[in-house]
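Notes to accompany the following structure.
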Amino acid sequence: MSKPSLPQGTRDFSASIVRKRNYIFQTVRSVMESYGFQPLETPAMENLDTLMGKYGEEGDKLIFKILNNGLDNPAKQDQAKFEFDKILAGKNTKGLTERALRYDLTIPFARYVAMNHAQLTMPFKRYQIQPVWRADRPQKGRYREFYQCDADVVGSYSLLNEVELANLYAEVFKQLGVDVTIKMNNRKILAALAEICGGADKLVNITVAIDKLDKIGLEKVKEELSERGLDANQINTIETYLLIDGSNEEKISSLKKLIGENETGNKGIKELEWVLNYHQHNFVSTHLQADFTLARGLNYYTGIIFEVKANNAQMGSIGGGGRYDDLTGTFDVPNIPGVGISFGVDRIYDVMEELQLFPAEVQTGTKVLFFNLGDAESRAAYSLVQLLRNKGIAAELFHENSKFDKQFKYADKKQIPYAVIIGSKELLENTVVIKNLLTGDQQSLTNSELLSFAF
RNA sequence: GAGGGCAUAGCUCAGUAGGUUAGAGCGACAGUUUGUGGCACUGUAGGUCGUGGGUUCGAGACCCAUUGUUCUCCCCA
C-alpha cells in the first residue's frame, strides 16, 4: 500500500477550520431563516441529462460523471465495449454513465422547482448550503469540491425581492464583521448599451469583455472588444459608459444622458433607482453602489445583478447573483421568474482569516478535563463528567492513568481552560480540586459546588 | 485544453562544483520530576532522498520518462 493521499483539488478540514467555517454557515443560515427562506437539500448526484447542456460547452466538460455499475459483468462486456466506442465517436454516454455529481446548486434547484411547482407556495424562497464538484484544474482558491451557499426566490417579479436580497447581504456581512461594497447593475442597462452600439446580438460579446475590466484593465477590454468585432465608434461609446463615475445619483444621471430614449435602458435604470432608493435611510444604503461596469459572466441574468466585494482585502468578489426570467424553462415549465444570490464561502473564510475577524469563542471545545488518578478516583470523576455534560458543559475524563505531566499537556494542546483533580483525599471527602489552567489558580470545591461552577 | 515550478524524517526545510556513514528546527517518545503543567536540559526513535530507467569509478544532486503536487492562462466560485 502506497502512502494515502487526497484526490486532486479536495481538502480535509481540521477542527479549528471546521469551527470557523461553521461559524460562517451558521451566520448565513440564521439570517436567511430570519428572512423567511427555507432550507433545501438535493442529492449529491443528479441524472446526467439534468445537468448536461446547462453550463455551456466548457461547463459540460467539467461535470464529474459517475460510471455505471455492472460494466464488468462478463455477459455485458460486448455491450460495454460497444458503448465505449460510441463515446469515442463523441456520441451519447448513457450506456456507461447516466449520473453525475452536482455542478452547482442552481440547476438542481430548477429541477426541483420544475418537479414540484404545482405544490410549492409561490413565491418560493429557498436557501441551500451544500458542496458541489467540478472537474476543473485546481489552482489558488479553486477546488474540485467546494461549498456553495445560495438563496433564491422564484415565482415573483417584485423588486422587493432585490431589495431584501441586498439587505440580506448587508446583514450577513455586518454580523460577520466584514466591511463590504454591494455593487449593483442591471442587465437591461447592458442590453441598452448593446442596442446603442449597433445590435442586441452584441450583448454577450460586450458583457464578456466588460466582465474582465477589473482583471485586465480598460485598454485590454477595448482590445478584446475590437477582436470581438466592434468598431472604433462603438468602442468609444462603451468607453464613455465604463468611465461613468461619482456618487450613485451622479452616475445614474450621466447614464441617463448616454442611454437617451432607449426603452429597455430606461426601464433598467428605473428598477435600479427603485432598489437603491428603497434603502435610503438604513445601514444598507452606505454599502450599496451602482456600478455599470459590473457585468457577470453568466448569461442567464436578465435584470438586476449583484456582486459583493470586501473593502479591506485583496480578493475578488465574495458573493454574487441576480435576476433571471426563465429558470425552469429548460425543464419545460415556463414562466417562473426568479432572483437569487450566492455566498463564496471559501473566499469569505480567507478574507476573515486575513482580517482576523473570527471571534475567539468560535474555537472553544472542551471546557474541563478531569484527571485520571486511578480506578476508584476516575469512577467518581466519570459520574461528575456525565452530570456536567448533561448541563451542556463539554467535559472529558482523561482515559489513561498517566503522569500529571502528560494529562496537563493534553489539556494544553486542546486548549482546555479548566482541570479537575480528584485524588484519594478528594475521593474520601467528596470534593474536587479545580484549577484554572490559564491563571494557575486552584481551589477546592464540593461535588455539588462543582456542578454549579461558572465555567 | 496550454504552459511553468516543486517532490529529501510525521511537519517545515538545508544539503555547496556529482565524492566516505544524508543534516537542522519543530513535533513524537523517554528521563531529570509517580499530586501540579506550559519552560529548560539530556537522550531515543524516525529516511530504500516520489517511482522507473540512463550517464558516471561514484548520483539526493546531471539526463530521460512517469506519477503526484502546486501555480499561471482559458474558464469559473
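Residue numbers begin at 1 in each chain, while the letters A, B, ... track the order of the sequences.
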- Query: Passes ring pair (Phe, Tyr, Trp, His ring centres under 6.0 Å), Y382(A) versus F370(A)? Steps please.
  - Reply: CA-CA 8 Å; Y382(A) 189 74; F370(A) 283 66; 9.7 Å; no
* Asked: Between N436(A) and I318(A), who's closer to the 5' end of RNA chain B by nearest nucleotide?
  ->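 Looking at the nearest nucleotide for each, N436(A) comes out on the 5' side.
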Walking RNA chain B from its 5' end, the first of P138(A) and F404(A) to be reached, judged by nearest nucleotide, is F404(A)
May I ask you to evaluate whether [X] reaches the phosphate of [N], defined as a side-chain N or O under 4.0 Å from OP1 or OP2?
| X | N | result |
| --- | --- | --- |
| K403(A) | rA30(B) | no |
| Q139(A) | rU72(B) | yes |
| K409(A) | rU36(B) | no |

Would you call the rings of [X] and [Y] parallel, tilted or perpendicular, taking 30° and 60° as the class edges?
| X | Y | value |
| --- | --- | --- |
| Y349(A) | F358(A) | tilted |
| F25(A) | Y147(A) | tilted |
| F109(A) | Y112(A) | parallel |

Checklist line | R144(A)/D136(A) ion pair, N-O < 4.0 Å | finding: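 Salt bridge absent between R144(A) and D136(A).
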- NZ/NE/NH1/NH2 to OD/OE distance under 4.0 Å, E46(A) and R111(A):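 Judged by the 4.0 Å cut-off on N to carboxylate O distance, E46(A) and R111(A) do form a salt bridge.
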With centres under 5.5 Å and planes under 30°, do F146(A) and rA77(B) count as stacked? yes
Would you measure the distance from the C1' atom in rA59(B) across to the matching atom in rU16(B) and give it in whole Å?
16 Å
Whole-angstrom distance between rU21(B) and rG25(B), as gauged at atom P: 23 Å
What nucleic acid atoms does [X] come within less than 4.0 Å of, heavy atoms only: base, sugar-phosphate, or nothing?
| X | value |
| --- | --- |
| L6(A) | sugar-phosphate |
| Q407(A) | nothing |
| G141(A) | base |
| G440(A) | base |
| R347(A) | sugar-phosphate |
| Y143(A) | base |

Here RNA chain B, pairs taken as Watson-Crick or G-U under 3.5 Å and shown with ( ), [ ] when crossing and | when to another strand, reads (((((((..((((.....[...)))).(((((.......))))).....(((((..]....))))))))))))....
Against the side chain of Q442(A), the closest entry in rG3(B), rU36(B), rC76(B) is rU36(B)
Residues passing the ring-ring contact (aromatic ring centres under 6.0 Å, His included) test with Y55(A), sequence neighbours excluded, are Y103(A)
What residues 416-431 of chain A contributes to the RNA chain B interface at heavy-atom separation below 4.0 Å is I421(A), G423(A), S424(A), K425(A), E426(A)
Considering only heavy atoms and no angle criterion, is a donor-acceptor pair shorter than 3.5 Å present between the side chain of D412(A) and the base of rG37(B)? yes
